[in-house]
K.L.:
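Please find one structure pasted underneath; my questions will follow.
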Amino acid sequence: MLVILDFKSSGTDPRNSIQQVRGDIGATKQSTGLSPGVYVTGAPAFNYDIESETVADVERIDPITILLIIIIIGLFFSSLTAPLVPVSAIGLSVGISFGLVYLIGSLFTGIHFLVLTLLPVAMFGAGSDYCIFLVSRYAEERRNGREKEEAVEHAVTWAGESIATSGATVVIAFGSLAIASFGMLRSIGIAVMLGISIALLVSLTLVPAALSLFGDRLFWPRGVGLNRRKRTVSESYYQRAAKFTIRHSKLIILVALAISLPATSTILTSHTSHDFISQIPSQLDSKAGYDVLSRGFGPGTITPTYTIVETPALLVTDNWINVTALHALSYAENSTLKISGVIKIYGITHPAGEAIPYSSFDQLSRAEQQAMIQTMKPFVGADGKSGMVWAVLATEPYSDVAIQTLGRIRENVRSMQAQNSLLRSSTMMVGGATASVADLVSASGQDYVNLTSLVLMGVFIALLLALGSVFTPLRLIFTILLSVSWAMAGVLIFSETFMGSELIWILPIMLLVIMVGLGLDYDIFLVTRIREYVVSGAREEDAIERAVEHTGGIITASGLVTAGAFGTMTLSRIPMLQQLGLGIFIVVLLDASLIRIYLVPAIMTQMKRLNWWAPGRLRRVPVRPEDRLIPGIPLKTKLAISLETLVLLALVGAGYLDYTTNLWVQSHLNQLTQTALETINAFGALILLSVSFLAAFFLLLDELVASNTPARPVSSPSTTVEGPSSKAQVSNPTTGQNESHTSRYVITKDS
């Protein structure tokens, strides 16, 4: 038996009544002594159960997250007291953030219940990174011989800059979600943006205050290591990694690109699911009831698709029906029933799913007429001029097959209006759960483009101003997108192989936004340290090696903390949170252990001084005398390049506009893209494996030949031009003293 409850539109949120309904059912079963299988299901029950499950997730996940942070930070600093600093600071930040989120949710906009899980996890992950950066830099400055106050000042000056830059990128990334059309994304973006801002403020104020107050006592019992002997015999892992990267930078870049191509292809050809019901754990009452309902009445019964018809004519009154107008409604109902994927319809002329003899209304008795009108009333609007057609779909209302059926229903509406005069003058709208998902799919595609563009542009501008470089922000974004592509491919394969579920549609945009914000922490920390050494006079290779050596352990520890914090989300029973937690866990581990230790130094080794180029006053690294040897670009060349760039941009813009309006171009281009991606999937792995092997072989062969070939004197005549000598004061990074060097360039031209 199926009982349908209709909630008032002007009342409170229907999900607030679910527990009361279940309580009444339980009391009835207890008083009668009967124990029938009674389930409360539907959209309000789904929302209530998922919200309750989210609260249970928070109670289960947060203690494990805090315990992981304490263990990892304690092991990294070899201290029992050091973990208290980030835990206390972020705990205070979380409390303030939830207060602000509650205030915003009460006064301005609704807050999605997933914020309960994502906000503390994101704050513990990012906030712990900020605290580790500051505390570790303080310990390093103390080991270098600085007094406590001076060590705190240097830690805030150098580590604080990278922390502020990282926090700005996170705020920009999550703040961009505020323009999303999907309410869940908006509320998550606003809440996490506020939370990270507070965590950043607390990290830059409370943590330095704690360091100034307690100093070396925070590192009890082992201490900060003032009297610890420096390792002189064996090199650390990060020293060896840096030297290996500098020697084999080209090989590392080629291997990274070789891995990224099939990963990107896998993502582009993957399929995301919009099935909301699949995200509900099977053991919950609403999901169990839905399963029973699907088996007994069909999966589309619980949330049918509605077609609302607002006509200019009166359809039904208390004692009369408009037979002529009902012919048009009957035509709409019968036409909808013929659509593939629709198994049953309900409406004014099909109130119980079967056609009624409304045409013979005048021939019925008074009682029969009243009975017929009463059966019609549930499908007639209050004004008597609008009707509703329920279409029960053959599949789950949130599935992709149901979305395709909805498309046919909407196409049929346009066809009916073209063929029927009354329907042509009427307003027809298709709604319901499936329609909402279909509209969300359409809006989310545009959202994905807009949000991705906004996030990347905002982050690029922030990094350009903070780092004083044009290339470095582009490289930062490129490497984080590389990490995201690897993680997405990993989650896709793991979910389909072991979890038996498709990627939920929101995962790509959430993973991109979170990782563009959080994943840049480690890169910024590394780059600012390299720039610090370069500014002090070190060569790029030496600066990269020293920066990796000094920051590698810190980055790895911070990555473990963040990965562990988000990895606890896999303990949730909601598949979407499991996939999101797994994706961030993978991408953070890859980012902290491989991308920042090997790939980023490899790219920076190849780019050398271009890492720090920026126009005019934006540049943060001073120009060296040898940098001025690069000849200036003539004005006419600059104008030609600018004109060519504008022409190319105009052609790209025209092509995009043509693509958006030309259906023929869209179909053929999409078919071509699909064919290309299928080809890459089929043969890409073999081709890339062969190319990677050959590239590695020839690169190593070149290095081997170069190392075994003695230098030969140049016997051919040459022309040597000596340039004017110049003196420059360069700070020695080892002694910290300024030394005078004479530089003179020599250009040799072989004849």
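We use all heavy atoms of the structure for the numbers below, so side chains are in, but hydrogens, waters and symmetry mates are not.
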K.L.:
Whether the His154 and Arg146 side chains hold a donor-acceptor pair (N or O, under 3.5 Å, no angle test) is what I'd like checked.
P.N.:
yes

K.L.:
Would you tell me whether Thr117 and Asp57 have side-chain atoms, one donor and one acceptor, within less than 3.5 Å of each other?
P.N.:
no

K.L.:
Would a distance-only check, ignoring hydrogens and angles, find a side-chain to backbone donor-acceptor pair under 3.5 Å from Thr562 to Gly559?
P.N.:
no

K.L.:
Are Leu580 and Phe566 side-chain neighbours, meaning at least one heavy-atom pair lies under 4.5 Å?
P.N.:
no

K.L.:
In the structure I gave you, are the side-chain heavy atoms of Ile480 and Asp591 within less than 4.5 Å of one another anywhere?
P.N.:
yes

K.L.:
Considering only heavy atoms from C-beta outward, does the side chain of Leu589 approach that of Phe585 to under 4.5 Å?
P.N.:
yes

K.L.:
When you measure from the side chain of Thr570 to the backbone N and O of Gly567, does any donor-acceptor pair fall under 3.5 Å?
P.N.:
yes

K.L.:
Are there more than 12 heavy atoms of other residues, nucleotides or ligands under 6.0 Å from atom CD of Glu147?
P.N.:
no

K.L.:
Taking C-beta and beyond as the side chain, do Phe124 and Leu68 meet within less than 4.5 Å on heavy atoms?
P.N.:
no

K.L.:
Hydrogens and angles aside, do Thr479 and Arg596 bring a side-chain donor and acceptor to less than 3.5 Å of each other?
P.N.:
yes

K.L.:
Out of Arg620, Arg137, Arg546, which residue meets the salt bridge (Lys or Arg N to Asp or Glu O under 4.0 Å) rule with Glu532?
P.N.:
Arg137

K.L.:
Could you label the plane-to-plane angle of the Phe219 and Phe77 rings as parallel, tilted or perpendicular, counting under 30° as parallel and over 60° as perpendicular?
P.N.:
perpendicular

K.L.:
Judged by modelled atom types alone, do Ser260 and Ser485 share a side-chain donor-acceptor pair under 3.5 Å?
P.N.:
no

K.L.:
Can you check whether Asn611's main-chain N or O pairs, donor with acceptor, with Ser469's side chain at less than 3.5 Å?
P.N.:
yes

